[in-house]
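Note that this is a predicted model, so its numbers are computed, not measured.
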Amino acid sequence: MSGAPLIAIVDDDELARDGIRELVESFGYAPATFTSAEGFLQSAVMARAACLITDLKLPGQSGLELQEALRSRGYQMPVILVTGYPNDKHWTRAINNGAVDFLTKPFDDTWLMECLTDAMKLHESSPGCRKK
């Protein structure tokens with residue numbers, strides 16, 4: 001999968017993280033996993049990722065705070081947020097900050113694939129989406 005787009009996955013729940021990683025691989029993408037927002041932000045993957053899938057509730061920075069940190073650093077990669085604790089306030093904040101979607105766990109495999117397809121279209125149409 002050396003030529004496959006790199007998808008970063010941030011989730012502190014090992015089962016959820018591994019499940020998303022397996023799905024991402026099955027869709028033909030190259031996953032890179034992290035247990036925290038801070039771990040992702042300190043990695044070289046941040047500059048190379050075509051898309052970020054992040055849980056909302058994380059230790060330290062939340063998924064929403066991670067999304068905002070990326071934007072403040074000039075990174076415009078597509079972001080998909082996932083949560084087991086949905087509410088309108090978080091959904092609105094995520095979408096207003098440019099999230100591709102906000103999925104509620106457990107989510108359907110085909111829905112994640114559709115979100116990734118949309119994210120890849122955004123990534124490909126915006127050559128400066130990695131960093132402004």
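At least one side-chain heavy atom of H90 sits under 4.5 Å from a side-chain heavy atom of N87. Side-chain contact check for M46 versus L70: some heavy-atom pair is nearer than 4.5 Å. With a 4.5 Å cut-off on side-chain heavy atoms, Y29 and L6 do not count as touching. Using a 4.5 Å heavy-atom cutoff, the side chains of I53 and R17 are not in contact. For the pair I80/C51, a side-chain contact is recorded, criterion being any heavy-atom separation below 4.5 Å from C-beta on. Within the 4.5 Å cutoff, side-chain heavy atoms of L41 are placed close to those of Q61. Side-chain contact check for L112 versus D101: every heavy-atom pair is 4.5 Å or farther apart. Taking the side chain as every heavy atom from C-beta outward, R71 and V79 approach each other to under 4.5 Å.
Across E65 and G60, no two heavy atoms sit closer than the pair OE1-O, 4.0 Å. When every heavy atom of A8 is checked against every heavy atom of A49, the shortest pair comes out as CB-CB, 4.2 Å. Across every non-hydrogen atom of A50 and P78, the tightest pair is O-CD, 3.1 Å. In terms of heavy atoms, S36 sits closest to G39 at OG-N, 3.0 Å. Summarising the geometry of A47 relative to Y75, their closest heavy-atom pair is CA-CE2, 3.9 Å, with the distance given to 0.1 Å.
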Worksheet item: Step by step, would you call I7 with M120 a side-chain contact (heavy atoms from CB on, under 4.5 Å)?
Response: CA-CA 10 Å; I7 308 298; M120 290 304 97; 3.7 Å; yes
Worksheet entry | Candidate pair L52 and V10, rule side-chain contact (heavy atoms from CB on, under 4.5 Å), full reasoning | CA-CA 8 Å; L52 169 65; V10 181; 3.7 Å; yes
Item to complete: Apply the test salt bridge (charged side-chain N to carboxylate O under 4.0 Å, His left out) to residues D13 and K57: give CA-CA distance (whole Å), side-chain angles for both, the deciding distance (0.1 Å), then the verdict.
Response: CA-CA 10 Å; D13 181 296; K57 289 194 175 201; over 6 Å; no
Item to complete: Apply the test side-chain contact (heavy atoms from CB on, under 4.5 Å) to residues I95 and W91: give CA-CA distance (whole Å), side-chain angles for both, the deciding distance (0.1 Å), then the verdict.
Response: CA-CA 6 Å; I95 298 303; W91 181 89; 3.6 Å; yes
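Panel note: side chain E25, backbone P31; no donor-acceptor pair is recorded below 3.5 Å. In this structure, S62 contributes its side chain and L58 its backbone to no donor-acceptor pair below 3.5 Å.
For D88, the CG atom sits in a loose shell: 12 or fewer heavy atoms of surrounding residues, nucleotides or ligands are nearer than 6.0 Å.
Residue pairs meeting the ring pair (Phe, Tyr, Trp, His ring centres under 6.0 Å) criterion with at least one partner in residues 30-68, sequence neighbours excluded, are F34-F40.
A distance of 11.0 Å separates CD1 of I20 from CG of L15, quoted to the nearest 0.5 Å. Between the OG1 atom of T104 and the CH2 atom of W111 there is a distance of 11.0 Å, given to the nearest 0.5 Å. From M77, atom CE reaches atom CG of L122 across 13.0 Å, with rounding to the nearest 0.5 Å. To the nearest 0.5 Å, atoms OG1 (T33) and CD (E14) are separated by 9.5 Å. For the atom pair L103 CG and L56 CG, the distance stands at 12.0 Å (nearest 0.5 Å). Interatomic distance, CG of L23 versus CZ of F27, reported as 4.5 Å (0.5 Å rounding).
Qualifying salt bridge (charged side-chain N to carboxylate O under 4.0 Å, His left out) partners for E68, counting only residues two or more places apart in sequence or in other chains: R93.
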